Amino acid sequence: MSQLTLYHYWRSSCSWRVRWALELKKIPYQSVAVNLLKNEQQDPVYTQKSPAGLVPCLEFGGQYLSESIAILEWLEERYPQMPLLPRNLWDRAKVRELVGLIASDTQPIQNLKVLKFRSSDQKERAVWAKHFISEGLVAYEKAIQKTVGTYSFGGQITFADLCLIPQVYNAHRFNVDMNQLPYCEAIYQRCLKLPSCDAAAPHNQPGAQP
Ligand SMILES: N[C@@H](CCC(=O)N[C@@H](CS)C(=O)NCC(=O)O)C(=O)O
């Protein structure tokens, strides 16, 4: 019996970040699907666990932790195998800067609840999401000019990539012009081929739709 349970949604980019970290660190976990389209994230039983009514949420020893980056930080300290942050202090801060560009400055503005509030019209929602994803990833593309290697920060998969790949997946969903994002697209294509990333990807999750 695994010690961890992850509450997540197949197409949630924040959930993919955590699933991929669990795969990379080879940590077994139980999976509980929370269907965002059925608004299960707002169910009072779920919001007892995750007060903001968002996924993902990790259960460990009867305690609950939400916020994907807090979960990643906890996993990194609790399970130090396959480190996902560089050893050097400055480099770690630079990776967290990249994380912020996506986790703080991009994903929240294109999240489902924001799109729902913006409009009930799917086309208007898509224009909004495309604009902010594009803007966020253009900033990311500039930010990695000096650090890019196989991955966003040299040759090591870091938290930055855990955030980037699901965000690029959303960029494709909303038809963002990837020609302006050659590094992001190359890292995305490379990572999708990794078994750990694929295992954590939306199409391999319970409840996934074609
Ligand atoms: N800052 C949070 C954001 C979580 C979040 O926005 N999750 C999305 C899916 S990626 C969600 O649950 N959306 C449901 C909604 O907007 O109602 C994190 O990093 O975990």
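Since this is a predicted model, take the numbers as computed values, not measurements. Counting starts at 1 for both ligands and their atoms, following the listed order. The residues of the chain are indexed from 1 along the displayed sequence. Heavy atoms only: backbone and side chains are in, while hydrogens, waters and symmetry mates are out.
With hydrogens and angles left out, the side-chain atoms of R17 and S68 include a donor and acceptor closer than 3.5 Å. In this model, a donor atom of one side chain and an acceptor atom of the other lie less than 3.5 Å apart for E185 and H172.
Rounding to the nearest 0.5 angstrom, the gap separating the CD1 atom in I69 from the CZ atom in F159 is 7.5 Å.
Near ligand 1, residues S12, S13, C14, R17, L36, Q41, L54, V55, P56, E67, S68, Q107, N111, L112, K113 come within 4.0 angstrom through at least one heavy atom.
At a threshold of 4.0 Å, the pair E124-R118 counts as salt-bridged, since one of the basic side-chain nitrogens sits closer than that to a carboxylate oxygen. Using a 4.0 Å cut-off between charged nitrogen and carboxylate oxygen, K130 and E135 do not count as a salt-bridge pair.
Using a 30° and 60° split on the angle between ring planes, W74 and Y79 fall in the perpendicular class, above 60°.
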